[in-house]
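Here the structure is laid out as structure tokens; the discussion comes afterwards.
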Amino acid sequence: MKALWKMGLSVVIVLSLVALAACESGSKSGSSPSTSSQSAGQGESGNEAAKEEYVIKVLTQLAIKQKRSDETEIGQIIKDKFNLVFEFVQTPGNMVDKLNLMLAGGDYPEIVAISDNVTFDKYARAGALRPLDDFVKSAPEFAERYKVQIPLWKLAGPDGKLYKWEGGVPQNFENLVEVNDVGVRIDALKQQGWPNLVSTDDYIRFLKQALKDNPTTNGQKTIGMVVPFGEPWGIQGVSGIMYEKGGRYFAAAGNLGVVWNDAEQNFEDYMLNEYVKEGLQFFNDLYREGILDKDSFTDKADQVQEKLNSGRALSTWYYVWGLGDSNQGLIKAGHPEMQYINMPVRSMTQVERNEKRLIRVEDSRPNAMYAITKNAKHPERIEELLAWVATEEGKLLLQSGIEGKHYTIQDGKRTPTEAYLDALKDSEKYNAIGFDLFNFLGNVATNAPDGSPYSLNQDPAIRDDLTLTPEAKDAFHQLGWSSSKDYFLETGVSAHTGVISTISLDTTSEIGALQQKMVDFRVKNSAKLIVEPKTDEQFESLYQSIVAEYMKLNPNEVVDEYNRLYQEKVGLLAQYK
């Protein structure tokens, strides 16, 4: 559900560990950790009443009501066990730029969260990150939990050492069909007889008619489609992401210079990809038809969310993790008929080829990386917490909550309580428990020993009952779907990222600088291709002229280097297992 969506694109976190005054001897917050965490062996005794309290500052761009983690139920238990408190601080601006500035000044925090391979590479090469190899040897539950990931994480580093852990892995395909396609207003679907929208032509016809049928919404002009292109990941990340909707490609090396061709097992140029071109032409069609919100180029997620909350938008591209909150707001506002559901989209070529869609299963998540830095005052305390989080006790607490309060055991399986179900419908209650607020400690999308996912909202048997409103359920029923993931499960196959998600270029090299030029060129000219052409012929002419200019950068050098690194890392992987 929203746990990984938030972590995948909406959340970029930087943590700073600050030592405060020592607690009074015998303080409740100095109570000993569990037996499981003690067995991980970090050189500290179980009776540490005088252990210093730490405040872990979490810089986030999300609007979180809680200022301290001990204002949540899960956070209070963490404090009782480890005397650690997380302080959530909202911060504006580009987090990648902030990380680069901190690295340049040597004032990076004790724990750092990194959301891209390029920045991770910079930190690792600068010697800013603490190796975790010795920690893993003394933390068997951590090692077992990430037995597939650890070799891949070592590959991501410049020297074969382990410098990070990640959130959201390992994953089960059945538990996490993560597809961010098009959010569509259900009253517009009803007006047009519940069409099963798939192709880009389907969406153009549907949205043109929907704007005619609904020129205003609650006294305001209706918007055809909203997109957060104003986000740092906007134009760069989602304007060309049509490539992932077919059966050949998926994202693996970030939204940089290349995409991964799973059919041929090699990297290809991002800018030149045929599906990227079709995606940009789709946006140009939307713009020419007056469907695409002209504010999309400056709108960030907050502005898009506001337009969804009001029901003004008939659809949204990619930003579907905000639909749950919008639906609850629309219900409270007395407009349940205007709720949204996530529907599939494919380019015309993808529809014609009718290939099984690749549903990415991430073995490694470079958009959710966390590391202990060389500035850490007491790294063993941080490692102790990580070791405990990898135990069954830690995993169940962070993702299932408190037994008896958020779940009960029936026939040997966890069953969500009414309090848990109620919290899923109210983000404030959800955050007050602490769900999703501690993903930086590591969360998984797999099953617990009882056969149910650690996060019960990922259970395929109950997912829709937990997350969908009655109106949204009925909309899928009207479309002939058996569940909200029905189409994607029927038309999709799992595609493991494996080695490819660990590959990045040396940012200090000439080839790394070339890739950045390619990205900057693509971002600038993608916006031009969306806005300027007035006809299909003009689009094609402009595209060809842009490609001709692009080729002067010699982008094949970057593509060739990615493929060389891929072959090299395939050879190295066996050594790290």
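Numbering starts at 1 and runs along the sequence shown.
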Nearest-0.5 Å distance, CG of residue Leu468 to CD of residue Gln339: 9.5 Å
Ion pair Asp293/Arg312, N-O distance below 4.0 Å: no
Ring-ring centroid check Tyr249 Tyr243, cutoff 6.0 Å: no
Modelled atom types, side-chain donor and acceptor of Glu392 and Tyr454, under 3.5 Å: yes
Sidechain-backbone polar pair: Asp269 side chain, Val258 backbone, donor-acceptor under 3.5 Å: no
Mutual orientation of the aromatic rings belonging to Phe229 and Phe283 [parallel < 30°, tilted 30-60°, perpendicular > 60°]: perpendicular
Pair Arg414-Ser452, side-chain donor/acceptor within less than 3.5 Å: no
Parallel, tilted or perpendicular: rings of Trp481 and Phe488 (30°, 60°): perpendicular
Partners passing salt bridge (charged side-chain N to carboxylate O under 4.0 Å, His left out) against Lys300 (at least two apart in sequence or in another chain): none
Ring centres under 6.0 angstrom apart (Tyr319, Trp321): yes
Audit row: Glu278, Arg346, salt bridge (charged side-chain N to carboxylate O under 4.0 Å, His left out) steps and yes/no: CA-CA 10 Å; Glu278 281 191 285; Arg346 287 191 172 190; over 6 Å; no
Pairing of Lys473 and Asp465 as salt bridge, 4.0 angstrom limit: yes
Between Thr408 and Thr415: side-chain donor-acceptor atoms closer than 3.5 Å: no
Six-ring centre of Tyr270, Arg522 cation under 6.0 angstrom, axis tolerance 45°: yes
Tyr146 ring center within less than 6.0 Å of Phe142 ring center: yes
Side-chain H-bond candidate by donor/acceptor type, Asp262 with Gln265, under 3.5 Å: yes
Rounded distance (nearest 0.5 Å) linking atom CD1 of Ile530 with atom CZ of Phe539: 8.5 Å
Under 3.5 Å donor-acceptor, Tyr340 side chain and Ala313 backbone: yes
Distance-only donor-acceptor check, side chains Tyr550 and Asn525, under 3.5 Å: no
Those residues that, when tested against Arg288, pass side-chain contact (heavy atoms from CB on, under 4.5 Å) (two or more places apart): Asn284, Asp285, Asp536
Under 3.5 Å donor-acceptor, Gln350 side chain and Met242 backbone: yes
Between Ser326 and Gln305: side-chain donor-acceptor atoms closer than 3.5 Å: yes
Separation between CG of Asn117 and CD1 of Ile114, rounded to the nearest 0.5 Å: 9.5 Å
Gln399 and Ser455: side chain donor to acceptor below 3.5 Å: yes
Residue pair Thr349 / Glu274, side-chain donor-acceptor N/O under 3.5 Å: no
Check: Val226 main-chain N/O paired with Ser296 side-chain donor or acceptor under 3.5 Å: no
Nearest-0.5 Å distance, CG of residue Leu272 to NZ of residue Lys277: 10.5 Å
Least distance between heavy atoms, Asn447 atom then Pro453 atom: OD1-N, 3.3 Å
Trp165 side chain to Phe440 backbone, donor-acceptor under 3.5 Å: yes
Asn261 vs Glu268, side chain to side chain donor-acceptor pair (under 3.5 Å): CA-CA, chis, key distance, verdict: CA-CA 7 Å; Asn261 185 330; Glu268 293 183 7; 2.6 Å; yes
Rounded distance (nearest 0.5 Å) linking atom OG1 of Thr222 with atom CG of Asp213: 10.5 Å
